[in-house]
Amino acid sequence: MSIAKVIVDVPAKQTDRPFDYLIPEHLEEVIQPGMRVIVPFGPRKVQGFVESVEETSSFKSLKKVIEPMDVVPVLNEELLLLGDWLSKTTLCYKISAYQAMLPPALKAKYERKLKLVSENANFMLPDGLEQLFASEPSVLWEEAVKFASIHAIQKLVKEGIAEVHYEVQSKGKKKTTKHIIPLMSAEEMLIYAESLAKQASKQKQVIEFFIHNREPIEQRQLLERLNISSSAVKGLVERQVLAEKNLEIYRDPYEQRQFAKTEPLPLTGEQSTAIAPIHASISNDKHEVFLLYGVTGSGKTEVYLQSIQNVLEKGEEAIVLVPEIALTPQMVNRFKGRFGDQVAVLHSGLSVGEKYDEWRKIQRKEVKVVVGARSAIFAPFENLGIIIIDEEHEMTYKQEENPRYHARDAAIERGKIHNCPVVLGSATPALESFARAQKGVYTLLSLPSRMNNRPLPEVEIVDMREELKEGNRSMFSRVLLEKLKDRMEKQEQTVLFLNKRGHSSFVMCRDCGYVVKCPHCDISLTYHRYSNQMKCHYCGYEDQTPLQCPECNSEHIRYFGTGTQKVEEELTKVIPEAKVIRMDVDTTSRKGSHEKLLKEFQDGNADILLGTQMIAKGLDFPRITLVGVLSADTMLHLPDFRSSEKTFQLLTQVSGRAGRHELAGEVIFQTYTPEHYSIELASQQDYDRFYQSEMMIRRNHSYPPYYYITLITVSHEELMKTVAVTEQITKVVRHKLSPKTVVLGPVASPISRIKNRYRYQCLIKYKQEPNLKEVLKSILDHYQGEISSNGLQISIDVNPYILM
DNA sequence: AGCACGCCGACT
DNA sequence: GTCGGCGTGCTC
């Protein structure tokens, strides 16, 4: 008998290795590497992934695989390898790596049930428990516990009256609907129709239909098309002319939408020059990483589209990654428009079932192109011809939970395996990427000019300190207000951008400066206007806003800061006639509302679009001629070495929204630090100079791209314990790594407490540290006991993006 | 992660 | 003397 090496669904250090199981004879030919199986594990059943099938095992008493959960492996050979790479590079459990590569629908659902041993054992139940199995011989454990004491239930099990059962199910279900299929040939049907009674006109109609349509059809559609009731169909099914069959259908999130077919556009000289090396790489099956550096509006997307075209003509497949936030209908339209139903779309707005369906279209080779957010990098294609990452500098490509991977790294890894090009596109490349392009690790392709030669918009920096001195205490500078009014008169549109990070509305006492903080986390509570409540964004704690300051009893305690709601409020005060559309988490949480609001703005039903990060990307409307950034510097002061870079990228991005068409655009940055280089250079859209200045700073402070970094965060309920462990770890790291490596810490994390747990960290900066992974693993091993028993948490992020 | 096994305190 | 606390170690 063969042996399956299985990675079980138990994310723990001790189980992070294959377990051997016998493959029962009847499954001998069935079970293959990459399949999910149900296996016994201790007293319960768990899901597992077959890593490999082998002939021998060093373990003597093997259990058998219970059953496979898939007909076809969900992970192919390449993805199994990629999972290995993922767990090794990000130090996560293998099971977590595999799960991260699959749609959530394939995650196991576990049920613990209490089952009566014999069907008629009801009479054996002690007093008070007779009702427990009244309707069914087995009940969910949770139900049983609610019904009776754990003690009484355990007694039942001991006495052999009931048993505990463990069940494993896949979360996602394939959606099936009732289809009608013809059983007779067209000729037979003709004859049958003759034999029908005259009054059976509806049945005749149905037969008529099936004489011409031999394909299965959804019953619902059939009834609708012929305008009949189900009884006519039923009659024919009974007489075996037709049959009912449940067939799988896809939940298509874009079902009702028509996509206008678009043709490749003629390329500009610059575009042709840029695309040539990509095409060369495609036709030579050569892995190469390209950095496509093109200003906003320079036509990067057309380069993507035509590269993909090239790949498709070769019979290969393409993955396009887009930041979640930019995965707007506008973007999807462009791909669906060009490649039609060869495109699958994967993003977080889809339901679990929808994601699963899109994923299966890929698995079954029904599509050739995937457009999706981060996790789409694991699309199960087998002949990848190109991977494109748009807006490659975006932070959303880095996953902030385990496995803490960066989609860019995964893309390059896959590109190597498939010998295909990886194209990183951006107007403001990540410093790491641009540095690599400078060094020749990546090939730099530039698109320096905008399409149709539109000039970049004029940017004006407004010093808000001056405004304050002049007695303007509102959040709108006089210039901005003037221009706003001007656009209203001209019937042109404005986008107001609020950089919300770091400045959400909090509740503060105007007399003593007391700020209401979360009792469990070291963070101020965010004010939510609609419920008049304060909420912690880290642990979910909620409280009523106080009427009196708890510190000084003053009644002048109220919400502060500049949430979009507050801006909207003030906006309607200063320009009452303005029609404002507000886009933020609150107004776009409902499915489709994002799209609806944009549509409304596009149709000219509003003068001003006010929003946060989500409006920084992809907006491309001809009537936008003014962009205002209300506080350009809020991000600048976050405790993060990337804050300047992020500010520059965001401001450049936002400015790009104005004047993309015939009408010229203007941009206003309001700031309290106008002299800061990232604001100054963003206003000139001068990436190259920004790159130079920022690189200098990174070099001086030994940050990426000059150094690699790894962040260790320790958290525990007790402060002393947290500090002690971090101190110990820092010491070990310092001792074991090379003297050139910089080890910072222990220090409190920027958010020093979350959910009543103190957080301390240690930051490692290094150029070359071949033993780092081993050292980190040995640390995790050393604290293994306390992690599982004492509530200690140690998180390790190799190449972190946020230092919190 | 669960769960059993096993060694110490407070109780019928 | 037993019931039950949770520290320790195992799951093919």
Side-chain angles (χ1 to χ4, degrees), chain A residues 1-25 27-28 31-69 87 91-100 104 106-115 140-142 144-145 149-160 162-171 401-403 715-718 721 725 780-795:
Chain A
M1 263 202 276
S2 318
I3 280 113
K5 303 257 172 196
V6 177
I7 299 291
V8 292
D9 183 14
V10 181
K13 182 96 207 171
Q14 292 146 302
T15 51
D16 189 29
R17 62 192 170 84
F19 284 77
D20 296 358
Y21 288 89
L22 282 174
I23 299 176
E25 253 163 79
L27 295 175
E28 190 80 42
I31 288 178
Q32 293 162 41
M35 268 188 185
R36 296 175 305 149
V37 286
I38 298 174
V39 291
F41 197 67
R44 58 209 169 113
K45 292 182 205 165
V46 296
Q47 186 191 64
F49 287 86
V50 179
E51 268 210 321
S52 61
V53 176
E54 283 167 28
E55 289 310 310
T56 54
S57 168
S58 53
F59 204 84
K60 10 183 185 20
S61 53
L62 295 177
K63 290 187 183 175
K64 282 182 187 170
V65 171
I66 296 172
E67 58 173 318
M69 295 179 83
S87 69
L91 297 170
C92 73
Y93 304 128
K94 250 186 170 174
I95 188 70
S96 317
Y98 289 154
Q99 278 169 353
L106 294 180
K107 251 185 111 173
K109 205 177 83 188
Y110 296 101
E111 272 176 0
R112 181 161 52 161
K113 282 185 162 177
L114 191 65
K115 194 182 172 196
L140 282 178
W141 179 265
E142 290 74 26
V145 172
S149 70
I150 294 189
H151 201 88
I153 292 165
Q154 278 174 338
K155 209 171 144 204
L156 280 184
V157 176
K158 238 183 212 160
E159 287 166 354
E163 299 175 316
V164 183
H165 273 246
Y166 298 86
E167 280 173 28
V168 187
Q169 277 155 28
S170 225
K171 234 185 211 162
E401 319 117 45
N402 279 330
S715 86
H716 192 271
E717 281 179 16
E718 284 163 45
K721 181 76 197 165
V725 172
L780 285 177
D781 276 343
H782 181 260
Y783 288 100
Q784 183 51 43
E786 291 194 72
I787 288 170
S788 56
S789 66
N790 194 12
L792 182 69
Q793 278 175 20
I794 299 177
S795 109

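Here the structure is a predicted model, which is why all the values come from computation and not from measurement. Convention: sequence-line order gives letters A, B, ...; per-chain numbering from 1.
- Taking only side-chain atoms of A:Q14, from C-beta outward, the nucleotide of C:dT11, B:dC3, C:dC12 with the closest atom is C:dT11.
- Contact between the side-chain N/O atoms of A:R112 and the OP1/OP2 oxygens of B:dA1 is not found at any separation under 4.0 Å.
- In this structure, the CH2 atom of A:W141 is 12 Å from the C1' atom of B:dG2, given to the nearest Å.
- Here A:P18 lies out of heavy-atom contact (under 4.0 Å) with every strand.
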Symbol by symbol from the 5' end, with Watson-Crick or G-U pairs under 3.5 Å, [ ] crossing and | another strand, DNA chain B is |||||||||||.

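- Among C:dT11, B:dC3, B:dA1, the nucleotide with an atom closest to any side-chain atom of A:R44 is B:dA1.
- Distance A:K94 NZ to B:dA1 C1': 20 Å, rounded to the nearest Å.
- Side-chain atoms of A:Y21 come within 3.5 Å of backbone N or O of A:P40 as a donor-acceptor pair.
- To the nearest angstrom, C1' of B:dA1 lies 13 Å from CG of A:D16.
- Regarding A:D20, its CG atom lies at a distance of 13 Å from the C1' atom of C:dT11, rounded to whole Å.
- Stacking between A:F19 and C:dC12 is absent: the ring centroid is not both under 5.5 Å from the six-membered base ring centre and under 30° in plane angle.
- Rounded to a whole Å, the CD atom of A:E786 is 16 Å from the C1' atom of C:dG9.
- Contact annotation for A:F59: base contact, defined as any heavy-atom pair under 4.0 Å involving a base atom.
- A:M1 places its CE atom 16 Å from the P atom of C:dC12, with the value rounded to the nearest Å.
- A 6.0 Å sphere centred on CD of A:E717 holds no more than 12 heavy atoms belonging to other residues, nucleotides or ligands.
- Note: A:F41 and A:F19 have perpendicular aromatic rings, judged against thresholds of 30 and 60 degrees for the angle between ring planes.
- Defined by atom type and a distance below 3.5 Å, a donor-acceptor pair is present between the side-chain atoms of A:H165 and A:E163.
- Atom-to-atom, CZ of A:F41 to C1' of B:dC3 comes out at 11 Å; the value is rounded to the nearest Å.
- Partner of A:I23 under the side chain to side chain contact (heavy atoms under 4.5 Å, CB included) criterion, out of A:V53, A:L62, A:I3: A:V53 alone.
- Using a 4.0 Å heavy-atom cutoff across all strands shown, A:S57 reaches no nucleic acid atom at all.
- Rounded to whole Å, atom P of B:dC3 lies 4 Å from atom OH of A:Y166.
- Sorted by first and then second residue, the side-chain hydrogen bond (donor to acceptor under 3.5 Å, both in side chains) pairs with a member in residues 9-20 of chain A read A:K5-A:D20, A:D9-A:Q99, A:D9-A:Y110, A:K13-A:D781, A:D20-A:S57; sequence neighbours excluded.
- Side-chain contact between A:L114 and A:V164 is present, with heavy atoms from C-beta onward closer than 4.5 Å.
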